[in-house]
2 protein chains.
Amino acid sequence: MSDSNGTPEAVHLDAEYGLAENPDDHRSELRLWLRMLTCTTLIETEIRKRLREQFDTTLPRFDMMAQLYRTEEGVLLGELSQRMMVSNGNVTGLVERLVQEGLIERQVSETDRRATRVSMTPHGRAVFAEMAEAHAEWISDFMSSVSERDQERLWSRLGGLKASVRGALSDQPAQGRKASRRKRT
Amino acid sequence: MSDSNGTPEAVHLDAEYGLAENPDDHRSELRLWLRMLTCTTLIETEIRKRLREQFDTTLPRFDMMAQLYRTEEGVLLGELSQRMMVSNGNVTGLVERLVQEGLIERQVSETDRRATRVSMTPHGRAVFAEMAEAHAEWISDFMSSVSERDQERLWSRLGGLKASVRGALSDQPAQGRKASRRKRT
DNA sequence: GTTGATAATTTTAAGTTTAAAGAATTTACT
DNA sequence: AGTAAATTCTTTAAACTTAAAATTATCAAC
């Protein structure tokens, strides 16, 4: 099995290694799960590498800026935590580093002094716009062999999967939050 | 918009927040990418939580044990790094912790004293078998609203995506490894 | 006006993760 | 046989990440 210059094709190991040999040992859900993990990790690893090499930044910082870029009026930290799907403590640290780089800024909420709203500085916007363009090109390139139609189908079916997961999680007993407060008539 | 007991449905924020409002600002590839991220993060977060609560362990440790479980004769550290899709340095640390827990053990390779092979202890196997069963049930439950047919389609199309990504990455210029060495006739 | 429950974020301790440098070993070349 | 290059893993420094406790603030109930 050779590529065009006669050398053996690279053999890639990843999270799916060894599944094909024992197909009955693994339910289809598990194989699907490992494939999702493999695909996202593959892409993430390459994005991380290119962000470091070309923009001297990290993937979590890029992710935070991406969320802030989409909301010009700024985002509360709690909301940022949810949108980035990371813990509050992690957000605090990331914000600190981006503030130090002059890319974002904090404002204490005028209506609730516990809350902090974070937004991008003009400088941050300019820097991010450049990274975002490159990032979009990379993603496009990664998916260049997948037809628009297949991408659309994947997007749609992953939406079904997402709803299934959300549904399964919401059937869990609530952990004593919000549901019992605010009894106002 | 209410669920069955009349309260408003929970509103979930995640990495896809804000995309629908500006569909033209984002290529389909980007939306697909963010959906993939959202799905995998959603599932990972819940698995992590249950592993901690029910088995007092962490997701990376579980992942390492899952790879070792599939290969009874043990795995070299470099190969483990590839199969787990994490760096060599990370693997070293994780191995150390699992060795300390008595779940896995190291053997220096007889044929190459640089290399270390890692395998599960009998105790580790027993512990992992239990976790693996629960884990498979969880994944099944998460995907319970997705038909077998749709899972099959997702698996297949994600395979196409994976190949596309691999292809895009292999078109990158090699970084001076193996390819330029070994001129032997 | 006071109080207890809740909310929003920070801090803490621990684990994970990366990239790069270092050490020991192996392999290829001369 | 000697040497240079490559390999395999460990160590290091820094960043990220989590869960839980702590701190500060808000708000509904009384």
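Hydrogens, waters and symmetry mates are skipped; everything else that's a heavy atom, side chains included, is used. Residue numbers start from 1 in every chain, and the chains themselves are labelled A, B, ... in the order their sequence lines are given, proteins ahead of strands.
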Chemist: Looking across every strand, which nucleic acid part, if any, lies under 4.0 Å from A/G89 by heavy atom: base, sugar-phosphate, or nothing?
Modeler: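 Since a base atom lies under 4.0 Å of A/G89, the category is base.
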Chemist: Atom CG of A/L51 to atom P of D/dA15: distance rounded to whole Å?
Modeler: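 That distance rounds to 16 Å.
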Chemist: Tell me: NZ of A/K49 to P of C/dT18, nearest whole Å?
Modeler: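 One finds 14 Å between P of C/dT18 and NZ of A/K49, rounded.
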Chemist: Can you see if the side chain of A/N90 gets near the phosphate of D/dT18 - specifically, an N or O under 4.0 Å from OP1 or OP2?
Modeler: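 Yes, within the criterion.
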Chemist: Expressed as a whole number of angstroms, how long is the span from B/R61:CZ to C/dT17:C1'?
Modeler: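 Result: 14 Å.
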Chemist: Between B/E16 and A/R83, is there a salt bridge with N-O shorter than 4.0 Å?
Modeler: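 No, A/R83 and B/E16 are not salt-bridged.
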Chemist: What integer distance in Å separates A/D63:CG from D/dA15:P?
Modeler: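 Distance, rounded to whole Å: 17 Å.
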Chemist: Under 4.0 Å: is that the gap between some side-chain N or O of A/T58 and OP1 or OP2 of D/dC16?
Modeler: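 Checking A/T58 against D/dC16: at least one side-chain N or O falls below 4.0 Å of OP1 or OP2.
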Chemist: Verify whether one side chain among B/S140 and A/R27 offers a donor that lies under 3.5 Å from an acceptor in the other.
Modeler: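 B/S140 vs A/R27: donor-acceptor pair found between side chains.
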Chemist: Scan A/T92 against the nucleic acid and name what it touches under 4.0 Å (heavy atoms): base, sugar-phosphate only, or nothing.
Modeler: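 Base contact - A/T92 has a heavy atom under 4.0 Å of at least one base atom.
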Chemist: Please compare A/D112 and A/G93 by the position of their nearest nucleotide in DNA chain D and report the one closer to 5'.
Modeler: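 Of the two residues, A/G93 wins.
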Chemist: In whole Å, what is the span from the CG atom of B/N88 to the P atom of C/dA21?
Modeler: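 Distance, rounded to whole Å: 15 Å.
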Chemist: Between A/E46 and A/R50, is there a side-chain N and carboxylate O pair less than 4.0 Å apart?
Modeler: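 A/R50 and A/E46: salt-bridged.
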Chemist: Of A/R48 and A/V91, whose closest DNA chain C nucleotide lies nearer the 5' terminus?
Modeler: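 On the 5' side of the pair lies A/V91.
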Chemist: Return the value, rounded to whole Å, for the distance between atom CZ of B/F62 and atom C1' of C/dG15.
Modeler: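 About 18 Å, once rounded to whole Å.
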Chemist: Ignoring backbone atoms, test whether A/R52 places a side-chain nitrogen or oxygen under 4.0 Å from the OP1 or OP2 oxygen of C/dA19.
Modeler: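 Yes, because at least one side-chain N or O of A/R52 sits under 4.0 Å from OP1 or OP2 of C/dA19.
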Chemist: Look at all strands and tell whether B/L94 reaches a base, only sugar-phosphate, or nothing, counting heavy atoms closer than 4.0 Å.
Modeler: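 The residue B/L94 makes sugar-phosphate contact but no base contact.
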Chemist: Are there more than 12 heavy atoms of other residues, nucleotides or ligands under 6.0 Å from atom CD of A/E130?
Modeler: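 No - once you tally the heavy atoms of other residues, nucleotides and ligands closer than 6.0 Å, there are 12 at most.
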Chemist: Do you know which of B/Y69, B/F128, B/F62 makes ring-ring contact (aromatic ring centres under 6.0 Å, His included) with B/H135?
Modeler: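 Output: one option passes, namely B/F62.
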Chemist: Can you tell me if B/Q100 has over 12 outside heavy atoms packed within less than 6.0 Å of its CD?
Modeler: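 Enclosed.
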Chemist: If I take atom CD in residue A/E96 and atom P in nucleotide C/dT12, what distance separates them, rounded to the nearest angstrom?
Modeler: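 In whole Å, C/dT12 P and A/E96 CD are 14 Å from each other.
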Chemist: With sequence neighbours left out, write down each residue that passes salt bridge (Lys or Arg N to Asp or Glu O under 4.0 Å) with B/D150, or none if nothing qualifies.
Modeler: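 Counting only residues at least two positions away or on another chain, B/D150 forms a salt bridge (Lys or Arg N to Asp or Glu O under 4.0 Å) with A/R157, B/R153.
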Chemist: Would you please say whether a donor-acceptor pair under 3.5 Å links the side chains of B/S28 and A/E148?
Modeler: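 There is such a pair between these side chains.
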Chemist: With a cut-off of less than 4.0 Å, is there a side-chain N or O of A/R97 near OP1 or OP2 of D/dA14?
Modeler: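 A/R97 to D/dA14 OP1/OP2: no side-chain N or O under 4.0 Å.
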Chemist: For the pair made of CD in B/E44 and P in D/dT17, what is the distance, rounded to whole Å?
Modeler: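 Taking atom P of D/dT17 as the reference, CD of B/E44 is at 11 Å.
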Chemist: Assess whether one donor atom and one acceptor atom, taken from the side chain of B/R114 and the base of C/dT25, lie less than 3.5 Å apart.
Modeler: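 Present.
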Chemist: Considering only heavy atoms, which members of residues 80-87 of chain A lie under 4.0 Å from some atom of DNA chain C?
Modeler: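 Those residues whose heavy atoms fall under 4.0 Å from DNA chain C, taken from residues 80-87 of chain A, amount to none.
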Chemist: Is there a side-chain contact between B/R113 and the phosphate of D/dC9, meaning an N or O under 4.0 Å from OP1 or OP2?
Modeler: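 For D/dC9, neither OP1 nor OP2 has a side-chain N or O of B/R113 closer than 4.0 Å.
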